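First up is the structure itself, then whatever we jot down about it.
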Amino acid sequence: MDEYVLKTRSLTKTYRNTVALDNVTITLKPGRIYGLIGHNGAGKTTFMRLIAGLTFPTSGEINLFGYTQTKHLQHARQRIGFMIEAPAINTSMSAKENLHLHRIIKGIPNEELEQELLALVGLQNTGKKKARNFSLGMKQRLGIALSLIGSPELLILDEPINGLDPVGIVDMRNLLQTLCAEKNITILLSSHNLSQLYQVATDYIIIDHGRIIETITLSELEEQCKQYVLLRTNQPELLVSTLEKELHTQKYLVMPDKSIRLFDFTDRMETLAALFQRENILITNLSIEGNTLENYYIDLVERSRNV
Ligand code: ATP
């Protein structure tokens, strides 16, 4: 079955002379965490605002949980939660008071939900402390708690990790993964930094100048950015048998030009050099190769701009 939460077809948004979103066709499947990656002005917020119904498309179609017509879409949007641009927090209130207010506005009777959500985002011990005195990470987590009122099936978060310190980033990653794994919430979150979402998202959607230039799964991305030791020698057979016999590894590829890519021992170059010397294998190249995440992203954007 072709299961999906959201499908867009040729979604386009134009502001006077600016094409903020250009023919975006994507599908989000349930139970996954999607990272929407793009530079400032790439169109991430515009895309999220369109899905959340905060602005309207110039052309194209939004299909949310199978609904496409405007009146049905508004109803389907009750099944999504979002935090776009800034969290909808009243800073003169405590975390609990904020949750109480939003729960009442949304007409949700379950009072226990407030404590439950506070615990879920790790703010259960903040007591009467006003949100204005929260750290950025705490404010972001409160914003997420607010967007979880109503038990959304799709959560849309605009740059939730941006500006957080390393501890805040880890807390946020853990929270997002818990929401996806335990609450079965599909998540779409944006960032201008691919590496920032590397350990969070299961799928990456790369956007530039309003256009999707790549969609890639985490495992495909890992494959693209795999580091390896590039070995050249005029005795490739001997080198390969030495790798197997002495280092007990088969994680290598012999390339058509007879160079060898070793996907193991990338952090043990001395061990490799010493071994080849001991075995009298003449090496003409011993170097670490492979893309870093950032290089992969930069190359991708540059290639798409040169097409
Ligand atoms: P950032 O990370 O800086 O928020 P973004 O990827 O979210 O960037 P958008 O905010 O979606 O990008 O903006 C995409 C383009 O549309 C930009 O060129 C922006 O200037 C333009 N734009 C967005 N909103 C409006 C608006 N209300 N009026 C005019 N232009 C707009």
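Reckoned from all heavy atoms, side chains included, excluding hydrogens, waters and symmetry mates. FYI, the numbering just counts along the sequence from 1. A quick note: this is a predicted structure, and the numbers were derived from the prediction, not measured.
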Determine, step by step, whether K139 and I89 satisfy the side-chain contact (heavy atoms from CB on, under 4.5 Å) criterion, reporting the C-alpha distance in whole Å, the side-chain angles of both residues, the deciding distance to 0.1 Å, and the verdict. CA-CA 8 Å; K139 284 184 188 150; I89 296 174; 4.0 Å; yes
Run the numbers on Y34 and T186 for side-chain contact (heavy atoms from CB on, under 4.5 Å), then give the verdict. CA-CA 8 Å; Y34 290 88; T186 306; 4.2 Å; yes
Let's go through H75 and F65 carefully: what are the C-alpha distance in whole Å and the side-chain angles of both, what is the deciding distance for ring pair (Phe, Tyr, Trp, His ring centres under 6.0 Å) to 0.1 Å, and is it a yes or a no? CA-CA 10 Å; H75 193 66; F65 305 108; over 10 Å; no
Worked check of side-chain contact (heavy atoms from CB on, under 4.5 Å) between K130 and M93: CA-CA 5 Å; K130 294 196 182 348; M93 290 180 166; over 6 Å; no
Take K7 and E61 through the salt bridge (charged side-chain N to carboxylate O under 4.0 Å, His left out) test and state the conclusion after the steps. CA-CA 8 Å; K7 270 186 195 208; E61 186 180 85; over 6 Å; no
Take N23 and S10, measure what side-chain contact (heavy atoms from CB on, under 4.5 Å) needs, and give me the verdict at the end. CA-CA 4 Å; N23 273 295; S10 303; 3.3 Å; yes
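Within the structure, every pair that satisfies the salt bridge (Lys or Arg N to Asp or Glu O under 4.0 Å) test and touches residues 297-307, not counting sequence neighbours, is listed here: D208-R305. Sequence neighbours left out, not one pair with a member in residues 176-223 passes ring-ring contact (aromatic ring centres under 6.0 Å, His included).
Once rounded to the nearest 0.5 Å, the distance linking CG of L11 with CG of D22 reads 10.5 Å. Rounded to the nearest 0.5 Å, atoms CG (L99) and OG (S94) are 8.5 Å apart. Going from atom CD1 of I216 over to atom CD of E222 covers 10.0 Å, rounded to the nearest 0.5 Å. Interatomic distance, I51 CD1 to T8 OG1, rounded to the nearest 0.5 Å: 6.0 Å. The structure places CD of E116 at 12.5 Å from CD of Q124, a figure rounded to the nearest 0.5 Å.
The hydrophobic cluster containing I37 does not contain L28, counting ILVMFWY residues as joined when their side-chain heavy atoms lie under 4.5 angstrom apart, directly or transitively. With hydrophobic clusters built from ILVMFWY side chains whose heavy atoms lie under 4.5 angstrom apart, L189 shares a cluster with M138. Grouping the Ile, Leu, Val, Met, Phe, Trp and Tyr side chains by contacts below 4.5 angstrom, directly or via other members, places L101 apart from I104. I206 and F47 fall into different hydrophobic clusters, where Ile, Leu, Val, Met, Phe, Trp and Tyr side chains are chained together by heavy-atom contacts under 4.5 Å. In the hydrophobic clustering of ILVMFWY residues, with side-chain heavy atoms under 4.5 Å counting as a link, L239 and Y228 come out apart.
Between L262 and T249, the closest side-chain pair of non-hydrogen atoms falls below 4.5 Å. Proximity of Q115 to K96: side-chain heavy atoms (C-beta onward) are separated by under 4.5 Å at one or more points. For the pair M48/S190, a side-chain contact is recorded, criterion being any heavy-atom separation below 4.5 Å from C-beta on. Contact check for T27 versus V5: no side-chain heavy atoms found under the 4.5 Å cut-off. Between L188 and I33 there is no side-chain heavy-atom pair separated by less than 4.5 Å. Using a 4.5 Å cut-off on side-chain heavy atoms (C-beta onward), N285 and L231 make no contact. In this structure the side chain of L247 reaches within 4.5 angstrom of the side chain of L275, judged on heavy atoms. Residues I212 and T215 are in side-chain contact: their nearest non-hydrogen atoms beyond the backbone lie under 4.5 Å apart.
With respect to E3 and K29, no salt bridge is recorded, no charged nitrogen being found less than 4.0 Å from a carboxylate O. Ion pair R232/D257 flagged as a salt bridge, since at least one NZ, NE, NH1 or NH2 atom sits closer than 4.0 Å to an Asp/Glu carboxylate oxygen.
Within the 3.5 Å criterion, the main-chain N or O of G60 finds no donor-acceptor partner in the side chain of T12.
A side-chain N or O of D158 and one of T45 form a donor-acceptor pair less than 3.5 Å apart. For the 3.5 Å distance criterion, the side chains of E289 and S287 qualify, holding a donor opposite an acceptor. In the model, Y297 has no side-chain atom that pairs as donor or acceptor with a side-chain atom of E214 under 3.5 Å. Defined by atom type and a distance below 3.5 Å, a donor-acceptor pair is missing between the side-chain atoms of S191 and N193.
The two atoms that bring A76 and L64 nearest to each other are CB-O, 3.8 Å, heavy atoms only. Residues T233 and L282 come closest through the heavy atom pair OG1-O, 2.8 Å. The two residues G31 and N184 have their closest heavy-atom pair at CA-OD1, 4.4 Å. Closest heavy-atom contact between L175 and L120: CD1-O, 3.5 Å. When all heavy atoms of L117 and A145 are compared, the pair lying nearest together is CD1-O, 3.6 Å. What you find for L157 and S147 is that their closest heavy atoms are CD2-OG, 4.4 Å.
Annotation for K258: atom NZ does not count as buried by contact number, only 12 or fewer foreign heavy atoms lying within 6.0 Å.
Geometrically, K226 engages F263 in a cation-pi contact, judged by NZ or CZ lying under 6.0 Å from the ring centre and within 45° of the ring axis. Cation-pi geometry between R261 and Y252 is not met: the NZ or CZ atom fails to fall both under 6.0 Å from the ring centre and inside 45° of the normal.
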